[in-house]
Amino acid sequence: YTRNLTLGDVGDDVRALQLFLIAQNKGPAAQALASNGATGYFGLLTQAALAEFQASVGITPAVGFFGPVTRAYVNAL
């Protein structure tokens, strides 16, 4: 991941993030995202699933913004 991602963004990197969040399966939003599928659009469901993931790994604030801290964490996995 090479850029910050937030509500309204679109692209292959958003789709990759969605697939990652689905695979992590950290809560109900991730399960709902799995049901909806990886669309490549960063909407409210992606934001909620990302916030669940952030909270589960101790990234604060867990608000569903894919910025430098979360990018570095995910890129290091």
Side-chain angles (χ1 to χ4, degrees):
Y1 300 97
T2 58
R3 68 176 175 135
N4 295 342
L5 300 172
T6 193
L7 279 175
D9 285 342
V10 294
D12 290 339
D13 49 358
V14 175
R15 185 174 184 281
L17 175 61
Q18 291 169 328
L19 291 171
F20 171 79
L21 294 169
I22 290 167
Q24 294 298 303
N25 194 24
K26 295 295 184 183
Q31 293 165 5
L33 183 60
S35 295
N36 196 50
T39 62
Y41 173 75
F42 196 124
L44 294 174
L45 196 52
T46 303
Q47 183 183 43
L50 180 56
E52 282 176 346
F53 171 77
Q54 289 169 324
S56 76
V57 298
I59 294 173
T60 57
V63 295
F65 171 67
F66 195 67
V69 173
T70 308
R71 270 193 299 121
Y73 184 93
V74 171
N75 282 335
L77 294 178

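- Clustering of Ile, Leu, Val, Met, Phe, Trp and Tyr side chains at separations under 4.5 Å places Tyr41 together with Val10.
- For the pair Phe66/Thr6, no side-chain contact is recorded, criterion being any heavy-atom separation below 4.5 Å from C-beta on.
- A continuous path of hydrophobic side-chain contacts links Tyr1 to Val57 [ILVMFWY only; heavy atoms under 4.5 Å].
- A donor-acceptor contact shorter than 3.5 Å is absent between the side chain of Gln18 and the backbone of Gly37.
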Tell me, with the steps shown, if Arg3 and Val14 meet side-chain contact (heavy atoms from CB on, under 4.5 Å).
CA-CA 10 Å; Arg3 68 176 175 135; Val14 175; 4.3 Å; yes

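- When side chains are defined from C-beta on, Glu52 counts as touching Pro28, because their heavy atoms get closer than 4.5 Å.
- Cluster annotation: Val69 is connected to Leu77 through the hydrophobic network of ILVMFWY side chains, with a link wherever side-chain heavy atoms come within less than 4.5 Å.
- Taking the ring pair (Phe, Tyr, Trp, His ring centres under 6.0 Å) definition, one finds that Phe20 meets it with Phe53, sequence neighbours left out.
- The two atoms that bring Val63 and Ala51 nearest to each other are C-CB, 4.1 Å, heavy atoms only.
- By the 6.0 Å contact criterion, CG on Asn75 is enclosed, its count of non-hydrogen atoms from other residues, nucleotides or ligands being greater than 12.
- Transitive grouping of hydrophobic side chains (ILVMFWY, heavy atoms separated by less than 4.5 Å) keeps Leu7 and Phe65 in distinct clusters.
- Judged purely by distance below 3.5 Å, without hydrogens or angles, the side chains of Gln54 and Thr60 never pair a donor atom with an acceptor atom.
- Residues Leu17 and Arg71 form no side-chain contact, since every pair of their non-hydrogen atoms from C-beta on lies 4.5 Å or further apart.
- You'll find the side chain of Thr39 stays beyond 4.5 Å of the side chain of Arg15, heavy atoms only.
- For the atom pair Leu33 CG and Lys26 NZ, the distance stands at 15.0 Å (nearest 0.5 Å).
- The two atoms that bring Leu50 and Phe42 nearest to each other are CD2-CZ, 4.0 Å, heavy atoms only.
- Not counting sequence neighbours, Asp9 has no partner by the salt bridge (charged side-chain N to carboxylate O under 4.0 Å, His left out) test.
- Considering CD of Gln24 and CD1 of Ile22, their distance stands at 11.5 Å, rounded to 0.5 Å.
- Listed here is the closest heavy atom pair of Ala30 and Leu21: CB-O, 3.8 Å.
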